[in-house]
Amino acid sequence: MADEVAILTARAIQAEAEIATLEAEIAQLQDPARLLANGIVSPQLEVLRTENAKLKFQATHLERNIAREQARTPDYMVSINQIVTDMFTLAIGQAYPDLDDIPVLIQKGKFADYQCNSAMSICQKLKAQGVKASPQQIGNAIKDQIPQVDFFEKLEVAGPGFINVYLSKSYIAQQVNNLLRDGVRPPRVMARRRVVIDFSSPNIAKEMHVGHLRSTIIGESISRLLEWVGHDVLRLNHLGDWGTQFGMLIAHLKDKFPNYLTVSPPISDLQAFYKESKVLFDSDEEFKKRAYSAVVKLQSRDPDHMKAWNLICDVSRNEFKKVYDRLGVTIVERGESFYQDLMQDVVRDLDDKGLTEMDDGRKIMFVEGQKVPLTLVKSDGGFTYDTSDMAAVRHRLHAEKGDWLIYVVDAGQGTHFDLFFAAAQKAGYYNPNLKRVEHVAFGVVLGEDKKKFKTRSGDTVRLVDLLDEGIARTQQKLIEKGRDKELTAEELRLAQEAVAYGCIKYADLSHNRCNDYVFSFDKMLDDRGNTAAYLLYAYTRIRSIARAAKVTPEQLKMTIAKEGVSLEDEKELKLAKCILRLSEVILKCLDDLLLHSLCDYLYELSTTFTEFYDKCYCIEKDRDTGVIVKVNMSRILLCEATANVIAACFHILGITPVQKM
Ligand code: ARG
């Protein structure tokens, strides 16, 4: 908004100047002698007068707009880091107008609130031009250009030109009051984007494994983050529901359940069914032939084959749905089968552009800088994973009008993504400078033995079993704490689900997704340390403070409107500053899509809260009677603000807060 006001002001000033010139001209023109001397006749004068009136009108209008803009509080939460960065960008530009590309480095300071570290690099740039100046001098020159506004408590140049920024208490208090009055709002993002995000994406007839669990958890959270800041998000489940294996499955279904068209076959264990068909496919030539012919029939959409295929897909779909429902995940199914016709189109398009070539019966496409080519058509005429992704990327960019495509898929598929991203650019489907198309990769899930996560018997862990175990372990913990005696059965069930699923999600999200991570129920359910269990407890405790003080929501509203928070104690100020850092953390997450920063922030916020709460009494009770003698309303407001920020973070991370646990 600051830039908009600046632009409007500049336009108003320009309009004023134009009016002044015109008025001067008119004054001259009104002199009859001049008028004649210039041969000007009245109609032209009239034109000028009208023009002048218009400009005057515009100028007042602009001024009014500016006043309105300045009076309005923005409908987003400011990022203090962004404001500091903007101020320093301007100041550095003014202090050193002849230098280009100066990195404006603003960090959270060790002692100060923020620190600007640009002096060193400016010093080097000046040196290269033969200008001598010490980083200290440079720091001071920048500091002198920073406007005197009540935003800062003080600025000081320290060490080798670091500029320490201390924010003013009144500004912090005002921002916390805004947050209390207007609720926790997202920071401002430059433009609303259409995002297409591909996540979860398991394969039909195969078990959804822990890798898919990671994709589901991370994808859901990224989607929530993007939606929260106002982007238009399309969540797609790119199910593996097409290809040769379906020929196998259908041929086997026909053999085992010949009346599948009238009676729904009970394939309760689809994976075992898949394994059987695979054995037949590899050992029985005759079966193999039937499997191939089934694929051909399926791809030409023969009704009976479609029916068989749907039956098989339904079994998996129901299994996946159970996991999504339990984890609170919403996603639209758009499997590989959706792209059948589009795969034909995309291959034709690449042929027309002369990008394909034949190699031993296969149709392939080479892309500069990529070691392997894409295989677009196999020698048996079938399409591949490459083809479906080429068709899908094109569809998401053009038909879905996506300007930001995200694929949340394990890091092991990195080369596949590099390859088809490069191919899509080569085919002219998108320009990477205009569209953001990215593989959001993540590492593998390890067991506590640091080996690939498996059951004791060495099988892949079924997700439903994993969720069940989470619930059972949580129940045990809650019973150990005697909660079964304090909570109603319904409260206990809610607490159990919130803790179990919250912990599984948080354990995943709080680790840098690029690394492998060790799955450990013991660690994730521990209520000390950076876990959802700890945070959920902290949250319920904070929420219970206002309840214990018997402060009503109306009283809170009144206090916000009248006095707001006062930040007398250093711990209060520290907590307030921490609360306000939410926006910059969110902006960082939008940039790198690494959600562990949000988890780190959340943990820091809860520990900062504890520091505050240990030192600053919110409620004072009579030692003997236990009766409340004093309620510090400003501190209760700080509790509210903290809890509201935690709730916003919980929402993004997919954690359900509970009233009691
Ligand atoms: N179904 C694939 C798998 O299980 C993941 C698909 C990811 N999305 C994509 N567009 N390639 O490995």
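Counting starts at 1 for both ligands and their atoms, following the listed order.
Every N/O-N/O distance between D410 and ligand 1 stays at or above 3.5 Å. By the 3.5 Å distance cut-off applied to N or O atoms, S201 is counted among the residues near ligand 1. Looking at Q413 next to ligand 1, an N or O pair under 3.5 Å apart turns up. In terms of polar-atom proximity, Y407 is not counted as a contact of ligand 1, lacking any N or O under 3.5 Å from an N or O of the ligand.
Side-chain rings of Y517 and F442 stay apart, their centers remaining 6.0 Å or farther from each other. Taking the six-membered ring for Trp and the full ring otherwise, Y385 and H416 have centroids separated by under 6.0 Å.
Within a 6.0 Å radius of NZ in K378, more than 12 heavy atoms belonging to other residues, nucleotides or ligands are found. By the neighbour-count criterion of 12 heavy atoms within 6.0 Å, atom NZ of K321 is sparsely surrounded, having that number or fewer from other residues, nucleotides or ligands.
For ligand 1, the atoms closer than 4.0 angstrom to any heavy atom of V409 are 7 (C), 8 (N). The atoms of ligand 1 that sit less than 4.0 Å from any heavy atom of D198 are 7 (C), 8 (N), 9 (C), 10 (N). Every atom of ligand 1 is numbered from 1 in the order shown, and the set under 4.0 Å from a heavy atom of D389 is 9 (C), 10 (N), 11 (N).
For Y506, the ring-ring contact (aromatic ring centres under 6.0 Å, His included) criterion is met by no residue, not counting sequence neighbours. With sequence neighbours excluded, no residue forms a ring-ring contact (aromatic ring centres under 6.0 Å, His included) with F320.
At the top of the distance list for atom 4 (O) of ligand 1, counting protein heavy atoms only, stands H212 NE2, 2.8 Å.
The option with the heavy atom closest to atom 5 (C) of ligand 1, from among F199, F420, Y385, F417, is Y385.
A distance of 9.0 Å separates CG in D592 from CG in N512, rounded to the nearest 0.5 Å.
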